[in-house]
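What's counted below: heavy atoms across the whole structure, side chains too, no hydrogens, waters or symmetry copies. Here is the naming used below: chain letters follow the sequence lines, and residue numbers restart at 1 for every chain.
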Amino acid sequence: MDLIRDVLDKQLVDPEERRMGKVDGLILELEEGQPPRLVEIEQGAATLARRLHPRLARWVEALGARIYGEAPGGPARIPWSKVRDVGIDVEVDQDFEKSRLYFWQEWLCEKLIRRIPGAG
Amino acid sequence: MKKAQEIVLGVVTSIGGFLEIGSLSTAVQAGAAFRFQLVWAVLLGTLCLIFLVEMAGRFAAVSKHTVTDALRERFGFNFFSFVFLGVTLVDLLVLGAEIGGVSLALQLLTGIALRWWALPVGFAVWLLLWKGSFGMIEKGASLLGLVTLCLVVGAVLLHPPWRQVAAGALPSLPQGESAHYWFLAVSILGASISPYLFFFYSAGAIEDRWDESYLGTNRAVSGLGMSFGALIALSALVLAAGVFGPRGITQLDSYDQIALLLTPVLGRWGFWLFAASLGIACFGAALEIALEIAYRAAQGFGWNWGEDLKPAEDSGFASVYTLALVVGVLLVVVGLDPLKLTVFSMALTAATLPLSVVPFLVLMNDERYMGEHRNGRLSNAVVLFIVALSFVLAVVSIPLELLGGS
Amino acid sequence: MAKGTEVRVELLLGRRVRDRQGRPVGRIEEVRAEPKGKEVRVTEYLVGRSAMLERLSVQAFLLTFPRLLGWGKKSGGYRVPWDQLDLADPDRPRLLCDVGELEGLEEG
Amino acid sequence: MPKEATAVAAGRALLLAPLLTLSACAKDASASLTTVTSWAATARLAGESWSAGRVPTPYTRRALEAAEKGIAEAEKDLAKAEDLPAARGDALRRVTGTLRQAVSEARAAVERRDRGALSPALARLAAGERAVATARNSGGGGR
């Protein structure tokens, strides 16, 4: 499995094929005398920003803290053990309602969308 | 039978979708200033667009991914964000130009200044996206778009020297004003090969759940549809060459001049038909571009997307097109000249083509996405050649046009 | 290296690898891993331009214009086994062996 | 290395060739005259179409206003043009001045919805256009 080609930046879907963001980052854990272990998938604006520039990531984190308050607490991580399948999309055993994407879409909906009539 | 229906509907959609303010105004300017000499640019741009649209449809039908999805997945976030910013920026300018176009049509119809129309127009576009479904928007906008066929009628009634029109299919050097000639050529290429068209097409193919059985339909729709679309742009060029050129109107600085395009040929109807064509075509294009910007964000970041979802179900998607429309309206309200905005954004489109097209070509050659339906050498060569040409011309002629004034 | 040190794959991408003398070897373009029981562990890193070409799978596209572009042939690359790359400082990965000991990447 | 050097040289040639052929044109008297002619002819076409009842009045008024403004701006450019001998320039400015005035009268006539007053203004526009064309053909417009 080629982590960058086959996993990183792929579409993440829940068991019902609902889209829940992309694989923004992958975390390896180093252990003495053992090959590095793939432990988590990471998602979030700060994770993405860090790939462009570390300073940008700090700005995004500061901005996020200001907008949401303390609530989500850092980037969302999904343990690798929850991954069911790596194909064209990456399927994980976690419901969309628990994803980071759901959290901020709901936030956006609450603050903006529902205030406009006809949002459904 | 069902397939035949799909093809007819697809072709109608493309005719309606092809003409927007960009291809209309660049073609008219070219006809007025250089008669039929720039016909080749329309043809070359359309050829490239046919290839690209066919590829976008094929990509979606075979890989079940949109081009944007794959752009992020294959090239990574850093490269994607670069393309995303560049293409979206140009799209916002074009969106402003289209909103300006609808406002202008309303100014022609009512006499009320276009600046007052920008906000209601933006709101109307937004309302349709907020409440409407994808099928309604795609089919409604394109059926109404058939009114632009009046340009073809006008061109035929004008009895142009067809032999000279055909001669324009071969590029020739202008006598004098060469900077303006090349700048117009670039703008026409940019207007014809608008990337939003094929990105939108690929998102549409996913919304309509295409699979490999649609490949034939896709070929027919892209080939026929875009050719008919180009016919309308060519008609505008022929009309301008016949109406404006002989009267000494060789330089068009404002839509107040372009508005007279059909009047000498169609009389009383000409003015109203022109305004209606302009308004409807630009309105359809504004819908498509606003949607396209939202699609691009949703696909690039892996959100749920779909014009058929309710705004509350995809709040990210709905927020993006709302924001895009606000920017587009602002561009008109601050009083940017709509014609300058149009022509400039078309040239800029041409300059940024490699950014969107080259990675797309790489994807089209990727066996993991395309399997046996990968691109052949011919498609690669044709598209790459036209895009490279547009890019070189754009890089050279944009600075000169800006320096040379007018 | 302490147990539990975290390294981000997305940040390794594009990092320049140097050998023991500090000479650049190439950039990390791919991290290859294999499932081992319930876990997935890294087996090797691919370094150099041909690794990038393979990851983006641009060869097929470039091959249509072999002479026009002229590249795609001369680019080299190496496989670096997981235990030959020191990631103690993930921003500055260091080779633990000589370049000569590395297996080259065959051209695609 | 030599391969890259050739590529760079080829790229430079590819970029420079069109640049050289294009750089011959800057904004000169000829361009300003084109603007004047185009606006004058537009004004005449709009006026004639209005007379024939083919275009609405608000549009015509706006178009004539735009034409007046367009000609005035071109006149300013013409005054700044360096490639124009002084005597020639004066003659041209007289013609463009008449054109601007004729457009202005046409606009006034349209505002009063006075078809009778429009036709002489349009006739003067036509005459002015011919004068500009003659001036250009006799080499007055530079280039």
Side-chain angles (χ1 to χ4, degrees), chain B residues 29 32-33 104 107-114 173-183 243-272 274-275 337 388-389 392-393 395-397 399-401 403-406, chain D residues 11 14-28 30-50 52-67 69-71 73-74 77 80 125-126 128-130 132-133 136 141 143:
Chain B
Q29 287 193 310
L104 193 98
Q107 172 186 310
L108 292 176
L109 293 172
T110 62
I112 298 169
L114 74 100
L173 286 173
Q175 302 149 342
E177 298 211 50
S178 48
H180 193 52
Y181 177 86
W182 291 113
F183 182 74
V243 169
F244 292 141
R247 287 182 169 77
I249 310 175
T250 53
Q251 185 191 326
L252 298 169
D253 289 326
S254 143
Y255 282 110
D256 289 320
Q257 298 171 287
I258 298 178
L260 292 166
L261 184 65
L262 282 169
T263 306
V265 190
L266 298 181
R268 196 184 297 263
W269 281 95
F271 183 81
W272 304 109
F274 176 83
D337 180 80
L389 181 80
V392 172
L393 284 178
V395 167
V396 174
S397 70
L400 283 169
E401 179 76 11
L403 288 176
S406 75
Chain D
L14 204 69
L15 278 176
L16 277 182
L19 255 176
L20 285 177
T21 54
L22 292 181
S23 60
C25 3
K27 185 144 193 181
D28 51 20
S30 170
S32 305
L33 284 182
T34 308
T35 311
V36 171
T37 320
S38 297
W39 274 117
T42 305
R44 195 153 57 87
L45 179 56
E48 284 165 4
S49 306
W50 179 78
R54 292 169 159 189
V55 291
T57 309
Y59 160 74
T60 316
R61 209 171 45 209
R62 196 182 292 277
L64 291 175
E65 248 170 46
K69 216 183 280 169
I71 295 177
E73 262 165 42
D77 288 337
K80 278 184 271 171
L125 265 178
E129 282 171 49
R130 278 195 299 277
V132 175
R136 283 185 104 168
R143 226 192 313 199

Nearest atoms (heavy-atom pairs only) where B:L260 meets D:A46: CD1-N, 3.9 Å
Part of B:A113 within contact of chain D (heavy atom distance under 4.5 Å): both
Proximal component of B:L109, with respect to chain D [non-hydrogen, under 4.5 Å]: neither
B:R247 to D:A41 - nearest heavy-atom pair and separation: O-CB, 3.1 Å
Distance-minimising heavy-atom pair for D:R54 and B:T263: NH1-O, 3.6 Å
Choice from B:F244, B:W272, B:Y181 maximising heavy atom contacts with chain D below 4.5 Å: B:W272
D:R61 CZ to B:D256 CG distance, which is reported to the nearest 0.5 Å: 12.5 Å
Engaged part of D:E48 at the chain B interface, taking heavy atoms whose separation is under 4.5 Å: neither
Atom of B:T250, atom of D:S38 and distance for their closest heavy-atom approach: N-OG, 3.2 Å
Least distance between heavy atoms, D:P58 atom then B:G111 atom: CB-CA, 3.8 Å
D:A67: partners by side-chain contact (heavy atoms from CB on, under 4.5 Å), with sequence neighbours left out: D:W39, D:A43, D:V103
Side-chain donor/acceptor of D:Y59 to backbone N/O of B:Q107, under 3.5 Å: no
